[in-house]
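Everything numeric here is computed off the predicted structure, so don't read it as measured data.
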Amino acid sequence: MSKIYYKSLEEIELIRESSLLVSKTLAEVAKVIGPGITTKKLNELAETFIKDHGAIPAFLNYNGFPYSLCISPNEQVVHGFPSDYVIQEGDLISVDCGVIKNNYFGDSAYTFSIGEVNEEKKKLVEVTKECLRLAVEKAVIGSRIGDIGFAVQDLAERNGFGVVKELVGHGVGVKLHEKPEVPNYGKRGSGIKLEEGMVIAIEPMINAGTAAVKFWSDGWTVTSKDNRPSAHFEHTVAVKKGKADVLSTFSLIEEVLIEKK
């Protein structure tokens, strides 16, 4: 899909349904994530939940990816394989999920702090989440792609963090990855103009140290080059006039996390 696919209001509602199922799936993960559980178990739980709700895990077998979730602990940036890794107190665990329902895609990611995390990780999570909030504010008609990237880069770098350049957000809805690319860096006022009908996945990927990354030989896993922690938050967003329409939500996840405390 080389050109941008503009969605109708009806299509946006279908993408919202898929995106909310992603959010509900991540809330199911939130219920059980904690010290002692393996990341493979989280993947199994999510895959069952998605299928039980009449949907298809969007990541499973996507370009050969063998799992339904990307689960990336600590220094892993994105695309980590669920495994026998046992989650420990103090870990950061980024969980990225996508579904296909009624032939439309939703995509969202959340970084979980397991128990008490150190100050560096705490600040990294707070800043990355705030980067996403500021970027979403720019997803309005008349803004440009560079405005979104600048919002992320400016806050992250002012806090001394590294913005991953090799991986970007993207259009989403009819396919998992569509045009346009949505980088987490850029100049204000640059890039394509945002228009009605665009649906994009905005996903800051921020490293505590260097912005540089390493790609593993498995063809998927990406880690920070200095092995310092990384965080990743993502929303599926419809571009609107005045205020962006966020189709996914973190509120379901955070309600669970508050109840668990």
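- Between Trp220 and Phe65, the two ring planes are perpendicular [angle over 60°; tilted spans 30° to 60°].
- Within the model, atoms CG of Leu252 and CG of Leu257 stand 11.0 Å from one another, a figure rounded to the nearest 0.5 Å.
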- Item | Check against side chain to side chain contact (heavy atoms under 4.5 Å, CB included), Glu166 and Val164 | CA-CA 6 Å; Glu166 292 86 345; Val164 175; 3.9 Å; yes

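- Between the side chain of Thr39 and the main chain of Ser83, a donor-acceptor pair closer than 3.5 Å is present.
- Taking 4.0 Å as the cut-off between side-chain N and carboxylate O, Glu178 and Lys7 count as a salt-bridged pair.
- The CD1 atom of Ile71 sits 8.5 Å away from atom OG1 of Thr38, with the distance rounded to the nearest 0.5 Å.
- With Asn159 contributing its side chain and Ala156 its backbone, the two residues share no donor-acceptor pair below 3.5 Å.
- Here the side chains of Glu234 and Asp107 are in contact, with some heavy-atom distance below 4.5 Å.
- Taking the centre of each ring, Phe150 and Tyr185 stay at or above the 6.0 Å mark.
- In the hydrophobic cluster analysis, where Ile, Leu, Val, Met, Phe, Trp and Tyr join through side-chain heavy atoms closer than 4.5 angstrom, Val86 is grouped apart from Leu42.
- Aromatic pair Tyr110/His232: centroids not less than 6.0 angstrom apart.
- The minimum heavy-atom distance between Asn74 and Gly90, with the atom names listed, is OD1-O, 4.4 Å.
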- Does the pair Tyr6 and Glu195 meet the rule for a side-chain hydrogen bond (donor to acceptor under 3.5 Å, both in side chains), with working shown? CA-CA 9 Å; Tyr6 296 89; Glu195 299 178 71; 3.2 Å; yes

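- Asp147 places no side-chain N or O within donor-acceptor distance of the main-chain N or O of Arg188, the cut-off being under 3.5 Å.
- Counting heavy-atom neighbours within 6.0 Å of Lys24 NZ, excluding the residue itself, gives a total of 12 or less.
- With hydrogens and angles disregarded, a donor-acceptor distance shorter than 3.5 Å links the side chain of Ser143 to the backbone of Lys138.
- Two different hydrophobic clusters hold Val256 and Leu20 under the rule that ILVMFWY side chains link at heavy-atom gaps under 4.5 Å.
- Proximity of Leu92 to Ile114: side-chain heavy atoms (C-beta onward) are nowhere separated by under 4.5 Å.
- Counted by atom type alone, Tyr85 and Gln76 present zero donor-acceptor pairs between their side chains at under 3.5 Å.
- In this structure, Asn102 contributes its side chain and Tyr104 its backbone to no donor-acceptor pair below 3.5 Å.
- More than 12 heavy-atom neighbours from other residues, nucleotides or ligands sit within 6.0 angstrom of CD on Glu130.
- With contacts defined as side-chain heavy-atom distances shorter than 4.5 Å, the pair Asp245/Val237 does not qualify.
- With hydrophobic clusters built from ILVMFWY side chains whose heavy atoms lie under 4.5 angstrom apart, Leu45 shares a cluster with Phe112.
- Between Lys31 and Glu259 there is no salt bridge, since none of the side-chain N atoms of the basic residue sits less than 4.0 Å from a carboxylate O of the acidic one.
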- Task: May I have the step-by-step check of side chain to side chain contact (heavy atoms under 4.5 Å, CB included) for Asp96 and Leu69, ending in yes or no?
- Result: CA-CA 6 Å; Asp96 193 353; Leu69 294 178; over 6 Å; no

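- A continuous path of hydrophobic side-chain contacts links Val136 to Leu155 [ILVMFWY only; heavy atoms under 4.5 Å].
- Residues Ile192 and Pro180 approach most closely at CD1-CB, 3.5 Å, considering heavy atoms.
- Under the 4.5 Å side-chain criterion, counting only non-hydrogen atoms from C-beta, Thr111 is not in contact with Ile93.
- Cluster annotation: Ile4 and Leu194 are assigned to the same hydrophobic cluster (Ile/Leu/Val/Met/Phe/Trp/Tyr, side-chain heavy-atom contacts under 4.5 Å, transitive).
- Using a 4.0 Å cut-off between charged side-chain N and carboxylate O, Glu196 and Lys241 make no salt bridge.
- If you take CD1 on Ile56 and OH on Tyr62, they are separated by 15.0 Å, rounding to the nearest 0.5 Å.
- Annotation: side chain of Lys51 is in contact with side chain of Pro57 (closest heavy-atom distance under 4.5 Å).
- Ser113 places none of its side-chain heavy atoms less than 4.5 Å from the side chain of Lys122.
- Across Gln153 and Gly186, no two heavy atoms sit closer than the pair OE1-N, 3.1 Å.
- A salt bridge does not link Glu119 to Lys123: none of the charged nitrogens lies less than 4.0 Å from a carboxylate oxygen.
- Ring pair Phe49/His53 is tilted by interplanar angle, where 30° to 60° counts as tilted.
- Although no hydrogens or angles enter the test, the distance criterion places a donor-acceptor pair under 3.5 Å between the side chain of Asn43 and the main chain of Ser68.
- Note: Met205 CE to Cys131 SG = 11.5 Å, rounded to the nearest 0.5 Å.
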- Task: Take Ile145 and Val182 through the side chain to side chain contact (heavy atoms under 4.5 Å, CB included) test and state the conclusion after the steps.
- Result: CA-CA 6 Å; Ile145 284 289; Val182 185; 4.1 Å; yes

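- A distance-only check finds no donor-acceptor pair linking the side chain of Thr128 to the backbone of Val125 [under 3.5 Å].
- The neighbour count for Lys187 NZ, taken as heavy atoms of other residues, nucleotides or ligands under 6.0 Å away, does not exceed 12.
- Of the possible polar contacts, none joining the Thr236 side chain to the Gly106 backbone as a donor-acceptor pair under 3.5 Å is found.
- Between Val99 and Phe105, every side-chain heavy-atom pair lies at or beyond the 4.5 Å cut-off.
- Panel note: side chain Glu89, backbone Glu116; a donor-acceptor pair is recorded below 3.5 Å.
- Within 6.0 Å of NZ in Lys214 there are more than 12 heavy atoms belonging to other residues, nucleotides or ligands.
- Centroid-to-centroid, the aromatic rings of Phe250 and His235 come within less than 6.0 Å.
- For the pair Ile50 and Thr25, the tightest heavy-atom approach, listed with the atom from each and the gap, is CG1-OG1, 3.6 Å.
- Put simply, the side chain of Asp226 does not reach to within 4.5 Å of the side chain of Asn207, judged on heavy atoms.
- Put simply, CZ on Arg16 and CG on Leu9 are 10.0 Å apart, with the number rounded to the nearest 0.5 Å.
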- Chi angles and distances behind the salt bridge (Lys or Arg N to Asp or Glu O under 4.0 Å) call for Glu120, Arg228: CA-CA 10 Å; Glu120 178 182 66; Arg228 284 173 71 185; 2.5 Å; yes

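- In terms of heavy atoms, Ile200 sits closest to Ala139 at CD1-CB, 4.4 Å.
- Taking the centre of each ring, Tyr67 and Phe81 come in below the 6.0 Å mark.
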- Verdict with reasoning, Ile206 to Val152, per side chain to side chain contact (heavy atoms under 4.5 Å, CB included): CA-CA 9 Å; Ile206 309 297; Val152 175; 3.9 Å; yes

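- Atom NZ of Lys129 and atom CG of Leu134 lie 13.0 Å apart (nearest 0.5 Å).
- Looking at every heavy atom in both residues, Leu21 comes nearest to Ala55 through CD2-CB, 3.4 Å.
- With hydrogens and angles disregarded, no donor-acceptor distance shorter than 3.5 Å links the side chain of Ser248 to the backbone of Ser19.
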